Protein chains: 2
Amino acid sequence: MFKLSRLADYAVVTMVELGRHVELVTAPALAQETGLPEPTVAKLLKVLLADGLLQSRRGARGGYELALPLKDISIARVIAAVDGPVMVTACVDGGDCGCTSGCSLKGKWDVVNDAIRATLEAISLADMTRGAPDGAGGLSAGVRRGPESAAPGAAVLGG
Amino acid sequence: MFKLSRLADYAVVTMVELGRHVELVTAPALAQETGLPEPTVAKLLKVLLADGLLQSRRGARGGYELALPLKDISIARVIAAVDGPVMVTACVDGGDCGCTSGCSLKGKWDVVNDAIRATLEAISLADMTRGAPDGAGGLSAGVRRGPESAAPGAAVLGG
DNA sequence: GCATAGAGTACCGCTCAGGTCCTGTTTTCG
DNA sequence: CGAAAACAGGACCTGAGCGGTACTCTATGC
């Protein structure tokens with residue numbers, strides 16, 4: 001059903017929560033604030049740390065903090081850290097799909113994949129905190145049916 | 001890892017293969033041409049038929065055919081038929097997520113979901129057969145970072 | 001009337017995400 | 001110097017859901 005994993009969902013929530021603090025936050029504290037199970041949060045934080053999205057200090061009085069401001073972290077970045085790179089099918093990026101014989105679509109999924117990836121990279125965690133920037137349709141307004149009608153480089157939204 | 005199901009992948013392959021025929025095609029024939037297991041193809045065809053994407057004739061000399069031309073069928077349509085509607089998280093469209101207490105992101109995922117959905121609706125099966133419509137970046141060019149700068153209703157791509 | 005082929009339903013096994021636990025290491029504080 | 005706090009890094013278990021299979025029924029054509 002083309003959904004991202006719950007862990008990725010949690011990761012975004014956790015990151016946003018972390019963004020509300022200026023000092024170090026411990027894993028248990030984050031778990032309590034987000035309402036998520038503590039071991040899961042701890043596991044998540046380790047993954048995000050390993051990916052460079054967080055910084056940590058060990059020992060007593062230790063904790064986690066963001067390595068970047070929320071606005072500089074895209075949804076795609078968080079998802080990639082937790083679930084691995086975005087790949088809509090196994091065929092993407094030269095991956096091996098089972099349909100080697102009659103599969104005429106090899107490589108074609110890259111188009112879909114790139115489109116999805118670009119969409120996710122266009123949304124930052126800061127955008128999530130304030131919801132839709134200019135009304136509900138604000139963000140997705142830039143995405144419209146246009147393979148036939150759109151000229152290359154016709155994007156006029158981003159400055 | 002944010003991938004669509006294998007069945008959805010298979011469905012697209014099968015639909016495209018169907019698009020290469022003008023007459024009725026049987027499930028076994030499609031299975032052979034695509035290299036996919038026969039029972040799986042048969043199951044898939046029933047689902048696609050139930051969703052109105054295909055037409056069928058029963059009995060001897062029966063088979064399946066497309067109900068619409070390839071260019072009028074979006075990837076999103078096929079995925080929705082096989083996997084259900086696109087929902088990046090359970091929170092989308094008023095769905096119930098577990099994080100009811102401290103979840104400050106309720107409803108915010110709709111933005112992401114709409115963006116993804118729009119992206120998938122912008123790609124037709126015909127686009128898959130000929131690869132990228134206007135170059136690799138052509139499709140995703142419509143998706144750009146613009147929460148601050150974009151005015152509501154600023155979409156100019158779709159005619 | 002028989003062969004062909006779709007229609008419908010039910011079932012099963014396997015994979016993997018999600019969750020838990022344990023142990024080690026580092027740092028601070030008394 | 002020792003104890004406590006908190007991160008680090010595994011291993012392991014479980015359950016849901018995807019993917020695959022089988023069986024039966026119905027409709028059509030020769």
Side-chain angles (χ1 to χ4, degrees), chain A residues 1-11 13-14 18 21 23-32 34-65 67 79 81-84 87-90 97-99, chain B residues 1-11 13-14 18 21 23-32 34-65 67 79 81-84 87-90 97-99:
Chain A
M1 54 187 85
F2 208 69
K3 62 162 58 168
L4 49 81
S5 70
R6 204 185 309 179
L7 267 302
D9 184 357
Y10 290 173
V13 175
T14 304
L18 259 172
H21 295 77
E23 293 197 337
L24 294 175
V25 196
T26 68
L30 269 176
Q32 188 176 355
T34 57
L36 301 175
E38 187 173 321
T40 300
V41 173
K43 188 180 191 175
L44 224 40
L45 289 170
K46 291 169 194 169
V47 173
L48 294 170
L49 174 70
D51 203 77
L53 288 171
L54 300 180
Q55 290 177 337
S56 69
R57 197 159 71 204
R58 301 175 66 161
R61 302 287 306 259
Y64 294 92
E65 65 182 349
I79 294 174
V82 176
D83 288 343
M87 301 174 68
V88 294
T89 72
C97 59
C99 50
Chain B
M1 56 174 85
F2 206 68
K3 61 163 56 169
L4 48 82
S5 70
R6 203 186 310 179
L7 267 301
D9 184 356
Y10 290 172
V13 174
T14 304
L18 261 172
H21 295 78
E23 293 197 337
L24 295 175
V25 196
T26 67
L30 270 175
Q32 188 176 355
T34 57
L36 302 174
E38 188 174 321
T40 300
V41 172
K43 188 179 190 176
L44 224 39
L45 289 169
K46 290 169 193 169
V47 174
L48 294 170
L49 174 71
D51 202 77
L53 289 171
L54 300 180
Q55 289 178 336
S56 69
R57 196 159 72 204
R58 300 173 66 161
R61 300 289 305 258
Y64 295 92
E65 64 182 348
I79 294 174
V82 176
D83 288 344
M87 300 174 67
V88 294
T89 72
C97 58
C99 51

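In the text below, chain A, chain B and the rest are named by the order of the sequence lines, each starting its count at 1. Quick caveat, the model's predicted, so the values are computed rather than measured.
Interatomic distance, A/Leu30 CG to A/Leu18 CG, rounded to the nearest 0.5 Å: 4.5 Å. The CD atom of B/Glu65 lies 8.0 Å from the CZ atom of B/Arg57; values are rounded to the nearest 0.5 Å. Atom-to-atom distance recorded for A/Thr14:OG1 and A/Leu48:CG is 7.5 Å, nearest 0.5 angstrom. Put simply, OH on B/Tyr10 and CG on B/Leu44 are 10.0 Å apart, with the number rounded to the nearest 0.5 Å. Taken to the nearest 0.5 Å, the CG atom of A/Leu45 stands 10.5 Å off from the OG1 atom of A/Thr40. Within the model, atoms CG of A/Asp83 and NZ of B/Lys3 stand 11.0 Å from one another, a figure rounded to the nearest 0.5 Å.
In this structure, A/Asp9 places its CG atom 10 Å from P of C/dG18, rounding to the nearest Å. Here C/dG6 presents its C1' atom at 13 Å from CG of B/Leu30, a figure rounded to the nearest Å. Atom-to-atom, NZ of A/Lys43 to P of D/dG10 comes out at 12 Å; the value is rounded to the nearest Å. Between the C1' atom of C/dG6 and the CG atom of B/Leu18 lies a distance of 14 Å, rounded to the nearest Å. Counting to the nearest Å, the C1' atom of C/dG18 and the CG atom of A/Leu44 are 11 Å from each other. Rounded to a whole Å, the CD atom of B/Glu65 is 15 Å from the C1' atom of C/dA5. Between the CG atom of B/Leu24 and the C1' atom of C/dA5 there is a distance of 11 Å, given to the nearest Å. Separating the CG atom of A/Leu48 from the P atom of D/dA8 is a distance of 12 Å, rounded to the nearest angstrom.
Where A/Glu38 and A/Arg61 each meet DNA chain C at their nearest nucleotide, the meeting point lying more 5' is that of A/Glu38. Two residues, A/Pro37 and A/Arg57, neighbour DNA chain C, and the one matched to the more 5' nucleotide by heavy-atom proximity is A/Pro37.
Side-chain proximity of B/Pro28 to the nucleotides C/dG18, C/dG6, C/dT27 is greatest for C/dG6. Residue A/Thr40 has its side chain nearest to C/dT20 when only C/dT20, C/dC29, D/dG20 are considered. Relative to the side chain of A/Pro39, the nucleotides D/dT21, C/dT20, C/dG6 differ in distance, and C/dT20 lies closest. Closest to the side chain of A/Leu7, out of C/dG18, D/dG20, D/dA6, is C/dG18. Here the nucleotide nearest the side chain of A/Ala60, chosen from D/dG29, C/dG19, C/dT28, is C/dT28. Comparing atom distances between the B/Arg6 side chain and each of D/dG29, D/dG20, C/dG19 picks out D/dG20 as nearest.
Looking at A/Arg58, its side chain comes within 3.5 Å of the base of C/dT25 through a donor and an acceptor atom. Within 3.5 Å, no donor on the side chain of B/Lys46 pairs with an acceptor on the base of C/dG6, nor the reverse.
At the heavy-atom level, A/Ala42 lies nowhere under 4.0 Å from the strands shown. Among the heavy atoms of the strands lying under 4.0 Å from A/Leu49 are primed sugar atoms or P, OP1, OP2 only; no base atom is included.
The shortest distance between the side-chain N/O atoms of B/Tyr64 and the OP1/OP2 oxygens of C/dA7 is below 4.0 Å. Here A/Ser56 reaches the OP1 or OP2 of D/dA8: one of its side-chain N or O atoms lies under 4.0 Å away. Using a 4.0 Å cut-off, no side-chain N or O of B/Thr26 falls inside it from OP1 or OP2 of C/dT4.
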